[in-house]
Amino acid sequence: MSKPKILIADNIESVARTHAEYLEMHGYKVQCVFTPEECQRLLEEERFHLAILDLRMRDDLDEKDISGFMLAQQGNPRIPKILLTAFPTWEMARASLRLDESGLPPAVDFASKLEEMPILLQRVQNVLAKRVSINWELEMEWKARDHFSLARMIEPDLADERLLDRAEELEDLFRKLYAQSERIRIDDLLWHDRRRVAIKVISFAKDKAPETMLVVCGTVADLAEESRRYQTHAPKSHKSNATYMHSSAETARFAANVYALAGCDFDQTHSLLDWYRTDSVKTFVTALNTLCERTLVDWRQENRLLAESQTLDELYRAKLGIDAAQAILAERMRSMERQVAALGLKIERSNDLFTLRLNGSSVTYPDPAQMVYRKTTIGSPALLSNVPGSLSGDNVLADSNGQVWLTDFASAGLAPLFWNYVALESAIRYDWGESVSTAELFDLETCLVEGNFAKFKPGDYEPAIRKQLRALHELRRLAPRETAQDLPAYHLGMFHQAISRLVQFTNGSQLTRSELLRLAHLLISTAMIARLLAAENKTAVPSSSSANGLELDEVNFIALIDGNPVRLTEQGFKLLRFLYGRANQLCTRREIVEQVFGYEFDETDESQEALVNTAISRLRSEIEPDPKRPRFLRNERGRGYRLAIQPAAALKP
């Protein structure tokens with residue numbers, strides 16, 4: 001059986017050891033230290049249930065020495081402390097027991113060294129009973145993960161020599177949570193997110209049926225914030241499939257929130273991702289419908305606010321924690337670009353442009369790394385709604401009937417209107433994929449970025465991406481009606497979700513093919529969405545201007561016609577960029593064929609003539625107010641074409 005661990009700090013070694021021996025005789029584990037510095041170090045690094053501190057730890061004859069009191073003030077307030085002194089005064093007793101800013105006193109008891117040992121023992125027993133409340137008799141069965149692995153998940157940088165201590169502190173946490181139980185089984189690990197883990201725990205108590213709860217463990221600060229957000233933002237009326245907070249507990253470093261899932265049979269419940277992977281299409285679709293049409297509606301509570309001080313892109317960057325990641329993003333993208341070359345995907349950068357080359361073809365986009373930190377008015381003014389947090393395939397649970405329970409509330413609160421749907425789509429789109437080629441990834445992204453938002457046909461695509469597209473088709477069908485009215489705002493959210501995954505990428509050893517495909521997918525997706533957003537970015541160019549003529553905005557993939565933005569096709573952009581670089585100069589057909597389309601010129605090749613004629617005609621339809629009376633792109637018969645960027649007037653037919 002585990003024993004309470006007590007720290008005794010006294011500058012007189014014989015006194016400390018006498019107290020320690022007596023307490024050890026009565027079943028306590030005791031450690032002694034003899035300097036304030038060593039005492040402070042142990043209180044910060046190790047696990048103790050109680051600290052007994054000498055008031056004068058430097059010099060017993062110095063009336064001004066209150067080093068023990070200072071330690072009590074500065075030490076972790078969750079470790080109760082008894083101040084022990086041979087020179088007790090009422091003033092010091094009052095100061096020791098007065099509540100501080102945390103609502104706890106520096107010490108919970110103030111005692112004289114002149115008291116008999118049994119009295120000190122009684123004080124220790126009282127403090128442990130009232131302040132610690134640990135079920136020392138509790139039997140614990142660790143099933144899926146042990147306390148060592150959980151401690152490492154919560155504190156990934158923990159030094160090896162501290163692991164045993166932290167594992168024992170986690171045991172203490174469960175002993176506090178289940179103070180009334182005889183036995184518990186720490187069952188399945190449901191999810192792990194940074195410094196928090198969610199576990200299924202079954203408790204057994206005398207004369208009671210076994211009870212299953214969801215327990216989220218983490219650091220004290222993280223779990224306090226989770227609890228605050230849940231209490232503030234969760235729906236107040238609990239429905240049949242609600243998740244509600246049952247209890248909580250904390251030790252010096254760890255804390256846990258216990259949640260009850262109303263109507264949930266854990267044996268028949270799996271994560272949304274598990275249902276997706278097991279090809280349980282009906283259950284997955286039913287769960288997705290329940291989530292979107294009931295659970296998220298309850299959370300939204302019809303309260304929508306305008307974000308007056310932040311644009312939509314600023315809100316996404318802040319919510320995803322990528323506000324200050326510009327340098328990291330650029331560095332990691334360069335590393336990824338080198339690695340995905342193993343898939344045959346070549347990436348080149350030039351003048352804020354991002355060119356993807358695959359199988360002899362090339363496509364140019366705005367550079368996503370440059371675009372992500374440019375302010376935009378897309379989605380402005382931004383609408384905020386109440387959300388449960390960041391949804392993923394792991395933290396949404398569902399049973400075979402499609403009933404749904406949420407389990408992660410660490411970031412509950414106000415978020416952009418489409419936040420829940422964008423988070424779910426990003427998980428399905430970027431994390432659940434089974435594509436085996438970059439060509440399939442291009443098809444997937446072309447459908448999702450350039451196709452009809454929710455009216456595409458998954459059956460028209462390759463089997464490897466069909467499953468993803470079916471799930472995304474259903475999710476988009478369930479998205480709020482406002483989505484159809486502001487698709488760029490939805491795509492802006494997807495763009496930042498993909499960027500956040502690029503920021504989180506850690507450059508390690510050689511990657512597997514599936515890992516490389518995921519990186520390639522993120523790079524392809526951010527590039528395609530960047531082009532769509534660039535054309536919609538109304539902050540890059542004014543909506544109206546007194547400027548006359550034609551300008552090319554290469555960053556945003558648009559032309560400015562008399563100050564008004566015009567969206568360009570990929571071919572139109574490439575041709576206009578070539579002509580714009582030679583503005584007011586004659587450009588021959590040979591130059592266009594060789595430098596725009598990359599073919600060797602053959603004046604007898606009729607297909608080349610048709611290619612140029614078609615490209616010129618399409619570009620005129622994009623940039624000319626009246627293509628039959630061109631102002632900008634003029635034909636000089638038998639010689640070539642000239643782009644006049646500030647023409648005086650339209651040519652006569």
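Quick note: numbers below take in every heavy atom, side chains included, and nothing from hydrogens, waters or symmetry partners. Here, residue 1 is the first one in the sequence, and each next residue gets the next number.
One side chain, Glu226 or Asn257, offers a donor N or O that lies under 3.5 Å from an acceptor on the other. A donor-acceptor pair shorter than 3.5 Å cannot be found between the side chains of Trp405 and Thr269. Judged by distance alone, the side chains of Asp172 and His49 do bring a donor and an acceptor atom under 3.5 Å apart. Residues Thr35 and Glu38 have side chains that never bring a donor and an acceptor to within less than 3.5 angstrom of each other. Using modelled atom types and a 3.5 Å distance limit, the side chains of Asp146 and Ser149 yield a donor-acceptor pair.
By the ring-ring contact (aromatic ring centres under 6.0 Å, His included) test, Tyr430 pairs with His521, sequence neighbours left out.
The number of heavy-atom neighbours closer than 6.0 Å to CD of Gln125, taken from other residues, nucleotides and ligands shown, is above 12. Within a 6.0 Å radius of CZ in Arg194, no more than 12 heavy atoms belonging to other residues, nucleotides or ligands are found. Annotation: Glu116, atom CD; neighbour count of heavy atoms from other residues, nucleotides and ligands within 6.0 Å does not exceed 12. When the shell of 6.0 Å around CZ of Arg162 is examined, it contains more than 12 heavy atoms from other residues, nucleotides or ligands. Within 6.0 Å of CZ on Arg277 lie no more than 12 heavy atoms contributed by other residues, nucleotides or ligands.
The backbone N or O of Glu250 sits less than 3.5 Å from a side-chain atom of Lys176, completing a donor-acceptor pair. Put simply, the side chain of Asn11 never gets that close to the backbone of Phe34: no donor and acceptor are under 3.5 Å apart. Listed for the Trp275 side chain is a donor-acceptor partner under 3.5 Å among the backbone atoms of Ala398. Counting only distance, with no hydrogens or angles, the side chain of Thr212 and the backbone of Ile202 share no donor-acceptor pair below 3.5 Å. Not one N or O on the side chain of Ser67 forms a donor-acceptor pair closer than 3.5 Å with the backbone of Arg56. Between the side chain of Glu169 and the backbone N or O of Arg253, at least one donor-acceptor pair lies under 3.5 Å. Not a single donor-acceptor pair under 3.5 Å links the side chain of Asn386 to the backbone N or O of Arg300. Of the possible polar contacts, one joining the Lys81 side chain to the Ile79 backbone as a donor-acceptor pair under 3.5 Å is found.
Of all the heavy atoms in Leu128 and Tyr28, the pair that sits closest is CD1-CE2, 3.4 Å. Considering all non-hydrogen atoms of both residues, Met117 and Thr18 come closest at CE-CG2, 3.4 Å. Of all the heavy atoms in Tyr259 and Met245, the pair that sits closest is OH-CE, 3.3 Å. The two residues Val503 and Ala325 make their nearest non-hydrogen contact at CG1-CB, 3.9 Å. In this structure, Val30 and Ala20 approach most closely via the heavy-atom pair CG1-CB, 3.6 Å.
Between His26 atom NE2 and Leu121 atom CG the span is 5.0 Å, to the nearest 0.5 Å.
By the 6.0 Å and 45° rule, Arg183 stacks over the aromatic ring of Phe204. Judged by a 6.0 Å distance limit and a 45° cone about the ring axis, Lys319 is positioned over the six-membered ring of Trp419. Both tests do not hold together for Lys200 against Phe266: distance to the six-membered ring centre under 6.0 Å, angle to the ring axis within 45°.
Counting heavy atoms from C-beta on, the side chains of Gln497 and Glu425 never come closer than 4.5 Å.
Each salt bridge (charged side-chain N to carboxylate O under 4.0 Å, His left out) pair with one or both residues in residues 58-67, not counting sequence neighbours, appears once here: Glu37-Arg58. Within the structure, every pair that satisfies the salt bridge (charged side-chain N to carboxylate O under 4.0 Å, His left out) test and touches residues 12-33, not counting sequence neighbours, is listed here: Glu13-Arg17.
A centroid separation of 6.0 Å or more is found between the aromatic rings of Tyr230 and Tyr244. Centroid-to-centroid, the aromatic rings of Phe148 and Trp142 stay 6.0 Å apart or farther.
Exactly one of Leu189, Ile184, Asp188 qualifies for a side chain to side chain contact (heavy atoms under 4.5 Å, CB included) with Ile186. That residue is Ile184.
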